[in-house]
Amino acid sequence: SLLQLKLWNKYRVSNIPSLIFIDASTGKVVCRNGLLVIRDDPEGLEFPWGPKPFSEVVAGPLLRNNGQTLDSSALEGSHVGVYFSAHWCPPCRSLTRVLVESYRKIKEAGQKFEILFVSADRSEDSFKQYFSEMPWVAVPYADEARRSRLNRLYGIQGIPTLIVLDPQGDVITRQGRVEVLNDVECREFPWHPKPVLELTDSNAVQLNEGPCLVLFVDSEDDGESEAAKQLIQPIAEKIIAKYKAKEEEA
């Protein structure tokens with residue numbers, strides 16, 4: 001029915017089963033990943049499972065691949081990419097290669113940026129092998145509870161996923177993978193979402209994430225696409241501002 005379709009769209013459900021907790025008084029999403037919640041907290045001790053700040057969920061020791069540990073408070077004041085990935089997944093491995101270069105470029109440009117690897121590897125050995133290629137920090141593989149809490153916090157439904165946070169720990173974009181692949185020179189870092197995008201192979205994934213308006217234009221060379229952009233840019237900005245005012249995802 002139409003109502004069902006509206007609910008699927010509103011909550012961006014892309015696979016089932018999916019369990020989403022909502023605050024009935026405001027209609028806001030409390031938790032996007034209810035299935036993980038009831039697996040991790042069968043007694044309901046953490047009810048009502050509302051979102052916790054990143055700094056609280058990540059709290060604890062982090063690793064470097066040389067075996068050195070540091071406290072998660074070292075991430076404070078930096079932009080952070082939370083990277084959900086695993087060695088067994090080929091798209092993850094190819095993204096990691098690009099991401100290593102992006103990380104270097106951003107650091108060399110003097111930006112405060114850190115990446116936190118949250119592994120979905122199937123063994124400690126494959127975690128170690130994969131992590132040995134990474135110049136950033138990771139949640140210890142043995143700390144399954146903390147890895148799971150981070151998955152829950154961001155409602156991770158597939159890998160690779162790169163979530164980019166501002167220095168306050170708020171989400172700038174959930175589409176870090178698309179951004180990194182589209183912006184190899186990292187000119188747009190930290191990748192604030194654009195109201196209007198040119199449709200490409202790598203960002204087409206966003207068509208599955210909610211309602212989209214796609215505008216076809218005749219050709220690029222006679223300025224058609226620029227004119228089209230100027231037409232829809234203010235409309236898109238207005239919609240985004242409206243949702244921002246309601247503190248909801250557009």
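Counting begins at 1 with the first residue of the sequence. These numbers were taken from a predicted model, which means no experiment stands behind them.
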Check whether any side-chain heavy atom of [X] lies under 4.5 Å from a side-chain heavy atom of [Y], and answer yes or no.
{"X": "K238", "Y": "I235", "result": "no"}
{"X": "V82", "Y": "T161", "result": "no"}
{"X": "V13", "Y": "I20", "result": "yes"}
{"X": "V29", "Y": "R32", "result": "yes"}

Do other residues, nucleotides or ligands put more than 12 heavy atoms under 6.0 Å from the NZ atom of K107?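 It does: K107 NZ has more than 12 such atoms within range.
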Kindly write out the residues that satisfy side-chain hydrogen bond (donor to acceptor under 3.5 Å, both in side chains) with [X], not counting sequence neighbours, or none if the list is empty.
{"X": "Y103", "answer": "E114"}
{"X": "Q168", "answer": "none"}
{"X": "E237", "answer": "Q233"}
{"X": "S18", "answer": "none"}

Specify the closest pair of heavy atoms between [X] and [Y], including all atoms of both residues, with the distance to one decimal.
{"X": "V57", "Y": "R146", "value": "O-CG, 3.4 Å"}
{"X": "F113", "Y": "G81", "value": "CE1-N, 3.6 Å"}
{"X": "T173", "Y": "P190", "value": "CG2-O, 4.4 Å"}
{"X": "V180", "Y": "S102", "value": "CG1-OG, 3.6 Å"}
{"X": "D71", "Y": "G60", "value": "OD1-O, 3.7 Å"}

F127 and F131 aromatic ring geometry - parallel, tilted or perpendicular at 30°/60° bounds: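 Ring orientation of F131 relative to F127: parallel.
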Just do the side chain to side chain contact (heavy atoms under 4.5 Å, CB included) check on I172 and L165 with the steps written out, would you? CA-CA 5 Å; I172 291 176; L165 309 178; over 6 Å; no
Under 3.5 Å donor-acceptor pairs involving side-chain atoms of residues 36-54, not counting sequence neighbours:
from, atom 1, to, atom 2, distance (Å)
R39, NH2, S148, OG, 3.3
D40, OD2, S148, OG, 2.3
D40, OD2, R152, NH1, 3.4
D41, OD1, G44, N, 3.3
D41, OD1, L45, N, 2.9
D41, OD2, L45, N, 3.2
D41, OD2, E46, N, 2.7
D41, OD2, W49, NE1, 2.8
E46, OE1, R152, NH2, 3.0

To the nearest 0.5 angstrom, please state how far the [atom1] atom of [X] sits from the [atom2] atom of [Y].
{"X": "S119", "Y": "D143", "atom1": "OG", "atom2": "CG", "result": "12.0 Å"}
{"X": "F189", "Y": "H79", "atom1": "CZ", "atom2": "NE2", "result": "5.0 Å"}
{"X": "I115", "Y": "L99", "atom1": "CD1", "atom2": "CG", "result": "4.0 Å"}
{"X": "L2", "Y": "K6", "atom1": "CG", "atom2": "NZ", "result": "5.0 Å"}
{"X": "D218", "Y": "S225", "atom1": "CG", "atom2": "OG", "result": "11.0 Å"}

Side chain to side chain contact (heavy atoms under 4.5 Å, CB included) involving [X] - partner list, sequence neighbours excluded:
{"X": "L70", "value": "L62, R64, A74, V137"}
{"X": "S25", "value": "D23"}
{"X": "K112", "value": "S78"}
{"X": "T200", "value": "N182, S202, N203"}

Assess the residue pair K194 and L197 against the criterion (side chain to side chain contact (heavy atoms under 4.5 Å, CB included)); give the C-alpha distance rounded to whole Å, side-chain angles, the decisive distance to 0.1 Å, and a yes or no. CA-CA 6 Å; K194 293 191 189 72; L197 289 173; 4.0 Å; yes
Joint hydrophobic cluster, [X] plus [Y], side-chain heavy atoms closer than 4.5 Å:
{"X": "V171", "Y": "V139", "answer": "yes"}
{"X": "V100", "Y": "L162", "answer": "yes"}
{"X": "I163", "Y": "I159", "answer": "yes"}
{"X": "Y11", "Y": "L35", "answer": "no"}
{"X": "Y141", "Y": "I156", "answer": "no"}

Does V164 form a side chain to side chain contact (heavy atoms under 4.5 Å, CB included) with R174? I'd like the steps, not just the answer. CA-CA 6 Å; V164 182; R174 301 176 59 89; over 6 Å; no
Is any NZ, NE, NH1 or NH2 atom of the basic residue among K229 and E226 found under 4.0 Å from an Asp or Glu carboxylate oxygen of the other?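 Judged by the 4.0 Å cut-off on N to carboxylate O distance, K229 and E226 do not form a salt bridge.
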Got a sec, which pairs hit salt bridge (Lys or Arg N to Asp or Glu O under 4.0 Å) with one end in residues 116-129, sequence neighbours left out?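 Found none.
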Check: M134 main-chain N/O paired with N65 side-chain donor or acceptor under 3.5 Å: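 Pair found, side chain donor or acceptor close to backbone of M134.
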Between K28 and I22, is there a donor-acceptor pair closer than 3.5 Å when you use the side chain of the first and the backbone of the second?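 No, K28 side chain to I22 backbone: no donor-acceptor pair under 3.5 Å.
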Got a sec, which residues hit ring-ring contact (aromatic ring centres under 6.0 Å, His included) with Y154, two or more places apart in sequence or on another chain?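 Expected list: none.
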Test salt bridge (charged side-chain N to carboxylate O under 4.0 Å, His left out) on E101 and R104 and set out the steps. CA-CA 5 Å; E101 289 309 305; R104 290 212 177 97; 3.4 Å; yes
Compile the donor-acceptor pairs under 3.5 Å between side chains in residues 84-91 and protein atoms, sequence neighbours left out, one pair per line.
from, atom 1, to, atom 2, distance (Å)
S85, OG, Y83, OH, 3.2
S85, OG, Y130, OH, 2.8
W88, NE1, A120, O, 2.9

